[in-house]
Amino acid sequence: MKGNKGIIFVLLGAGCFGFTPIFAKLGFSFGYSLGQINIVQMIISSFLLWSLTLLKRSSFKGINRKNVPQIMVTGCFIGLTSIFYYGAMQYLPASLAIILMFQFVWIGIILEWIFSKIKPAPITILSIILILVGVFFASNLLNGDIQGLPLKGFLFGILSAFTYAGFIFLSGKVAVNVDPLTRTSLMAIGSTILVLALFMRDIPSILPLEANLLTTALGVSLFGAVLPPLFFAVGAPLVSGGIANILTSIELPVAILSASLILSEEITPLQWLGITIILAAIALNELGSSLFRVRKQING
């Protein structure tokens, strides 16, 4: 029963992430800048998260002078991911920006190899190769549809993958004993400070706060920074790490479907093939080693 509850909450959290491109694209269509959207998003996210933290009387146990800066620096990677991810959407179709950001999967494996000295297993290397093959098809290279798209968009997209992988890597190492909601709220403060520092010149332009900007920022805040961490905080402890990683990959098809149905972006059969290959590679990486281990024990 607990496992089923965990699966539902993890799926809900990952599914929420898939709707953020809709609100980001909506904000750009209204004429708002990358700085305006990010500033209001981060302020709303911090307010909502801290309100929940205080209302729930979340524990501050484990917080100290050493790990508070570390938690806030980890939060800066959320801010950078938001900047690069939405930045990519200014120049690229949302579906392509999503695929580029999703390269965090294999980048995270490389980070573990470099910094934690965890050498990837052969099954993991095979998964990385399959992911890259999937990206080739999903990006629509064969149809030449990416020709003429700004290089800046691709750079932002791949940078969002690196910063998101960095966030996942650090969030698994920094102050893991601190209450998840309290830690998420401190991360939000770090990302807010970073965004305000980087887009200082845009601060005067957000006042008076317009309804369209508030709607856009509220959407990306709820679906990108508030609801997913809360759902993950409830669901992730109830399922294994490998299953959680597989379940979070639902973000990719949800985001692609929302881009297709709501933003009217055309997704070709070859792109769906690439997306399927990427999802299969993630599942292979997470389940493959366990299956081979079980088979080895049975045969042994």
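All residue numbers in this chain count up from 1 along the given sequence. Quick note: numbers below take in every heavy atom, side chains included, and nothing from hydrogens, waters or symmetry partners.
Atom CZ of Phe60 is surrounded by more than 12 heavy atoms from other residues, nucleotides or ligands within 6.0 Å. Within 6.0 Å of the NZ atom in Lys173, the count of heavy atoms belonging to other residues, nucleotides or ligands exceeds 12.
Annotation: side chain of Ile63 is in contact with side chain of Ile71 (closest heavy-atom distance under 4.5 Å). Between Leu213 and Phe30, the closest side-chain pair of non-hydrogen atoms is not below 4.5 Å. Taking 4.5 Å as the limit, every side-chain heavy atom of Leu100 sits out of range of all side-chain heavy atoms of Ser160. Contact of the Phe156 side chain with the Tyr91 side chain is registered, since non-hydrogen atoms from C-beta on lie closer than 4.5 Å. The shortest distance between side-chain heavy atoms of Ile282 and Phe102 falls below 4.5 Å. In this structure, the side chains of Leu48 and Leu222 come closer than 4.5 Å at one or more pairs of heavy atoms. Two residues are said to be in side-chain contact when any heavy atoms from C-beta on lie closer than 4.5 Å; Phe167 and Leu80 fail this criterion. With a 4.5 Å cut-off on side-chain heavy atoms, Glu265 and Lys25 count as touching.
A donor-acceptor pair under 3.5 Å links the side-chain atoms of Asn67 to the main chain of Asn64, judged by distance alone. Here the side chain of Ser59 pairs a donor or acceptor atom with the backbone of Lys61 at under 3.5 angstrom. Listed for the Ser258 side chain is no donor-acceptor partner under 3.5 Å among the backbone atoms of Phe19. Side chain of Asn212 to main chain of Gly27: no donor-acceptor pair is present (N/O by atom type, distance under 3.5 Å, no hydrogens or angles). In this structure, Arg183 contributes its side chain and Asn177 its backbone to no donor-acceptor pair below 3.5 Å. Judged by distance alone, the side chain of Ser260 and the main-chain N or O of Ile267 form no donor-acceptor pair under 3.5 Å.
Note on Trp113 and Ile168: same hydrophobic cluster, where clusters join Ile, Leu, Val, Met, Phe, Trp and Tyr whose side-chain heavy atoms are under 4.5 Å apart, directly or indirectly. Transitive grouping of hydrophobic side chains (ILVMFWY, heavy atoms separated by less than 4.5 Å) keeps Leu55 and Ile44 in distinct clusters. When hydrophobic clusters are built by joining Ile, Leu, Val, Met, Phe, Trp and Tyr residues whose side-chain heavy atoms come closer than 4.5 Å, directly or via intermediates, Ile275 is grouped together with Ile158. Under the 4.5 Å side-chain heavy-atom criterion for ILVMFWY residues, a single connected hydrophobic cluster contains both Met187 and Phe47. Residues Phe84 and Leu151 do not share a hydrophobic cluster, clusters being chains of Ile/Leu/Val/Met/Phe/Trp/Tyr side chains in contact below 4.5 Å.
Among the candidates Leu194, Ile206, Ile83, the single residue satisfying the side-chain contact (heavy atoms from CB on, under 4.5 Å) test with Phe199 is Ile83. Shown are Phe104, Phe77, Phe115; of these, the side-chain contact (heavy atoms from CB on, under 4.5 Å) with Phe169 is made only by Phe115. For the side-chain contact (heavy atoms from CB on, under 4.5 Å) criterion with Pro253, the lone passing option out of Thr276, Ile98, Leu279 is Leu279. Test Phe231, Phe17, Phe23 against Phe223 for ring pair (Phe, Tyr, Trp, His ring centres under 6.0 Å) and you get one pass: Phe23.
Side-chain contact annotation: Thr53 with Ser58, donor-acceptor N/O pair under 3.5 Å absent. A donor-acceptor contact closer than 3.5 angstrom links the side chains of Gln36 and Ser205. Side chains of Gln41 and Ser82: a donor on one and an acceptor on the other come within 3.5 Å.
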Check the pair Ile99, Ile256 against side chain to side chain contact (heavy atoms under 4.5 Å, CB included), reporting the backbone distance first and the verdict last. CA-CA 9 Å; Ile99 289 163; Ile256 299 294; 4.3 Å; yes

Passes side chain to side chain contact (heavy atoms under 4.5 Å, CB included), Leu149 versus Leu96? Steps please. CA-CA 11 Å; Leu149 293 175; Leu96 183 53; 4.0 Å; yes

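In this structure, CD1 on Ile39 lies 6.0 Å from CG on Leu196, to the nearest 0.5 angstrom. Rounding to the nearest 0.5 Å places CD1 of Ile107 at 13.5 Å from CD of Glu112. Between atom OH of residue Tyr86 and atom OG1 of residue Thr216 there is a gap of 10.5 Å, rounded to the nearest 0.5 Å. One distance of note links CD1 of Ile262 with CG of Leu26; it measures 10.5 Å at 0.5 Å rounding. Once rounded to the nearest 0.5 Å, the distance linking OG of Ser46 with CD1 of Ile193 reads 8.5 Å. One finds the CG atom of Leu273 at 11.0 Å from the CZ atom of Phe136 (value rounded to the nearest 0.5 Å).
Scanning both residues, Gly108 and Ala165, for their nearest heavy atoms gives N-CB, 3.8 Å. Nearest heavy atom pair, residue Leu186 against residue Trp50, reads CD2-CZ2, 3.8 Å. For Ser171 against Thr74, the heavy-atom pair with the smallest separation is N-CG2, 3.9 Å. The two residues Ala259 and Ser95 make their nearest non-hydrogen contact at CB-N, 4.3 Å. What you find for Ala281 and Ser127 is that their closest heavy atoms are O-OG, 3.3 Å. Shortest non-hydrogen contact noted between Ala188 and Ser191 is O-OG, 2.9 Å.
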